[in-house]
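Structure first, commentary second.
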Amino acid sequence: MKQIYGFLKSQKTGIIVGFTVTGLLIIGSLIMNFFPESYEGLSGEDITFFYNNPRPIHTWFYIMFVAFAMYGISIFFCTLDSILRKVKARTSKIPLYGASIVHVGFLITLVAHLIGGIWSESGMPITIADEWVQSGEYELKVTDLETTSYPNGMPRKIKAQMKIRKDGEEYDDTLGYNNPVLVDSGTKQFLLQNYGNMPNGVVLNIDGKTSVFNIKDVIEINGSKVLLANLFLPPQFRIPAIQLVSKGKDGKYNKSYVRIGRQNAQNVKGSNMIFEDIKVTPAVAVSVKKNPSIPLTLIAIGCFGSGMLLVIFRTAYKMVRV
């Protein structure tokens with residue numbers, strides 16, 4: 001047992017396994033680059049892909065998984081041995097524990113990646129505009145969208161002001177590239193995919209009276225009910241057009257289309273209808289990602305930060321004393 005313990009806590013073991021992991025990561029990157037068809041469906045941190053699709057070409061990953069486990073075990077025993085030595089020596093100077101705290105942070109990072117790789121989920125993109133959109137227990141809507149661009153037209157900065165609601169309670173947040181909206185202690189993320197203006201209504205002039213209507217609204221014209229069924233945009237139609245559905249005298253439902261522009265005015269149930277304009281609202285497309293490892297990642301960052309500060313403080317203290 002002592003030989004096994006000595007082997008596991010050895011720095012040599014950690015260095016060899018670390019280089020092995022690095023080499024396998026390089027090999028894996030090259031394989032994925034030259035054989036992308038074998039990795040269709042792989043996304044983000046998901047490692048279940050390799051176990052749901054076992055193939056010889058994934059051998060590098062299976063070996064790397066074992067090497068990572070070995071690496072974690074080695075760091076665990078190495079850290080444990082270091083802490084036990086300091087405790088036995090009754091070391092009371094906190095800065096001497098800095099390196100051990102950094103190692104603990106690294107162990108937590110490995111565990112976080114494992115949890116994220118197995119249980120993280122990525123949902124299909126959803127579009128959010130100025131109306132509440134449901135996503136699980138949360139509702140979201142866009143209240144404002146600010147964009148700036150580079151001279152070549154490429155987006156420079158995107159800032160969408162969001163309202164989030166859960167169980168009747170509302171709060172504000174900001175969404176942008178590299179600035180996701182985080183909920184449930186960061187385990188659920190709304191990531192910005194695209195942005196722009198989304199049609200959400202039309203401006204109609206009926207017998208000289210202009211009004212704004214939403215798609216699926218029912219309009220009463222001369223005692224008849226007309227459903228504003230759909231809005232078609234290019235390339236579906238050459239120019240934007242609305243689809244109207246109404247019940248005829250024979251009891252059957254009739255469809256008619258009114259194209260945008262005064263020159264395309266039509267008689268609908270005895271009234272002159274003009275499709276004047278399209279009402280748009282700022283909208284964003286977001287993908288929803290669930291990652292239960294986020295709290296562990298934050299703890300790991302705290303360990304790394306505090307450990308490194310202690311190491312720096314100890315080094316600086318030694319230099320001053322010299």
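- Between Lys225 and Glu220 there is no salt bridge, since no side-chain nitrogen of the basic residue lies less than 4.0 Å from a carboxylate oxygen of the acidic one.
- Here the options are Ile108, Val104, Ile294, the test is side-chain contact (heavy atoms from CB on, under 4.5 Å), and the partner is Ile299; only Ile108 passes.
- Between Tyr62 and Tyr51, the ring planes are tilted. Angles from 30° to 60° get that label.
- Other residues, nucleotides and ligands place more than 12 heavy atoms under 6.0 Å from the OH atom of Tyr171.
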Yes or no on ring-ring contact (aromatic ring centres under 6.0 Å, His included) for Tyr257 and Phe237, after CA distance, side-chain angles and deciding distance? CA-CA 11 Å; Tyr257 299 87; Phe237 276 47; 5.5 Å; yes
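- A continuous path of Ile, Leu, Val, Met, Phe, Trp and Tyr side chains, each step under 4.5 Å between heavy atoms, connects Ile47 with Met70, placing both in one hydrophobic cluster.
- No side-chain donor-acceptor contact under 3.5 Å links Asn254 and Ser246.
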Go through the steps to decide whether Thr281 and Asn200 satisfy the test side chain to side chain donor-acceptor pair (under 3.5 Å), and finish with yes or no. CA-CA 7 Å; Thr281 184; Asn200 71 332; 4.7 Å; no
Worked verdict on Lys188 versus Lys289 for side-chain contact (heavy atoms from CB on, under 4.5 Å): CA-CA 6 Å; Lys188 186 173 183 179; Lys289 184 176 180 180; over 6 Å; no
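- Heavy atoms only, all atoms of each residue included: Lys141 and Glu131 are closest at CB-O, 3.6 Å.
- Crowding of Asn33 atom CG: a count of heavy atoms from other residues, nucleotides or ligands under 6.0 Å exceeding 12.
- Here ring pair (Phe, Tyr, Trp, His ring centres under 6.0 Å) pairs that include residues 23-47, with residues two or more places apart or in two chains, are Tyr39-His58.
- Looking only at side-chain heavy atoms (C-beta outward), Thr187 and Pro295 come within less than 4.5 Å of each other.
- Side-chain contact check for Ser271 and Asn222: at least one donor-acceptor pair (N or O, by modelled atom type) lies under 3.5 Å.
- Identified under the ring pair (Phe, Tyr, Trp, His ring centres under 6.0 Å) test for residues 94-136, with sequence neighbours left out: Tyr71-Phe106.
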